[in-house]
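First listed ligand is number 1; within each ligand, the first listed atom is number 1. This chain uses plain numbering: 1 for the first residue, then up along the sequence.
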Amino acid sequence: MIKFQGVHKWFKALHVLNGIDLHVQKGEVLVVCGPSGSGKSTLIRTINRLEPIDQGTLIVDGMDLSHKKTDLNKLRAEVGFVFQQFNLYPHLSVIRNITLAPTKIRKTPTKEAEEQAMALLERVGLAIKRDAYPTELSGGQQQRVAIARALAMKPKIMLFDEPTSALDPEMIGEVLAVMQGLAGTGMTMVVVTHEMGFAREVADRIVFMDHGQILEEAKPEEFFKNPQHDRAKQFLKQLL
Ligand code: ADP
Ligand code: MG
């Protein structure tokens, strides 16, 4: 589904992605962790081309993102993105937030889009909030709507960049539970998170990044039991 080969990126003099080689299979859940500033967000943002790469090859569902001509609409319809900040449209109700892209971009008829939106709201446990506005929701509820909104485009890949980092502790679990449910449906997912409980339970593989490189790539049980690099050991110790 996703294939990085020798990918490099610079922000001026800063070598932010330094030779990334990474494959993600269909249906796989990959967790990306590492210290702040190590390049996790930049890495995940290249997958839907919020950040272009400077060198190497990046293929996402058969689309070659190394080419300037990539069809961004097609790419972004196939790759859903959930950010740390929920970014819901504040002037639109919950259901309008979800139906906007399908009706405008996919040209789904309104009634059909609303039915699909309601099914998604059921799935994230928020059907009763269909007519609420984002400011009337808790952070955890807003993030669950943001996940439903991304799913409304029927993506093949879902990217999550620290989706629970802005939440009060008591709301983290409800968002992780929705993500775990999604993983159970066979969705291909790349998740940047420091929630190591989630990583342990849900991830098929964990990569540890530092200074723009992938230092470690392992199954969760190996990573937690026996991290290879000192930086990874240090990182895990800090989380405890
Ligand atoms: P992480 O998500 O692991 O904290 P980021 O990918 O956000 O790391 O950032 C990696 C490095 O790139 C950091 O040093 C950050 O300051 C820098 N950086 C991120 N985005 C930009 C940008 N748009 N312009 C310049 N530097 C950036
Ligand atoms: Mg980040």
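Side-chain contact annotation: Ser41 with Asp161, donor-acceptor N/O pair under 3.5 Å present.
Looking at Thr70, its side chain does come within 3.5 Å of a backbone N or O of Asp64 through a donor-acceptor pair.
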Would you mind writing out a table of all protein N or O atoms found under 3.5 Å from any N or O atom of ligand 1, naming both atoms and giving the distance to 0.1 Å?
residue, atom, partner, partner atom, Å
ligand 1, 2 (O), Ser41, N, 2.9
ligand 1, 2 (O), Ser41, OG, 2.9
ligand 1, 3 (O), Ser38, N, 3.2
ligand 1, 3 (O), Ser38, OG, 3.4
ligand 1, 3 (O), Gly39, N, 3.1
ligand 1, 3 (O), Lys40, N, 2.9
ligand 1, 3 (O), Lys40, NZ, 2.8
ligand 1, 4 (O), Gly37, N, 2.7
ligand 1, 6 (O), Thr42, N, 2.9
ligand 1, 6 (O), Thr42, OG1, 2.6
ligand 1, 8 (O), Gly39, N, 3.2

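Between Arg49 and Arg76, some side-chain heavy-atom pair lies under the 4.5 Å cut-off. Between Ile47 and Phe4, some side-chain heavy-atom pair lies under the 4.5 Å cut-off.
A cation-pi arrangement, defined by a distance under 6.0 Å to the six-membered ring centre and an angle within 45 degrees of its axis, is present between Arg149 and Tyr89.
For the residue pair Pro227 and Phe224, the shortest heavy atom distance occurs at CD-O, 3.9 Å. Here the closest heavy-atom approach between residue Gln228 and residue Asn226 is recorded as NE2-O, 2.9 Å.
For Phe235 and His229, the distance between ring centers is not under 6.0 angstrom.
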Report task. Go through the steps for Arg96 and Glu114 under the test salt bridge (charged side-chain N to carboxylate O under 4.0 Å, His left out), then give the verdict. Result -> CA-CA 8 Å; Arg96 290 277 163 266; Glu114 283 178 354; 3.1 Å; yes
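For the Mg ion (ligand 2), the nearby protein N/O/S atoms, meaning those under 2.8 Å, are Ser41 OG.
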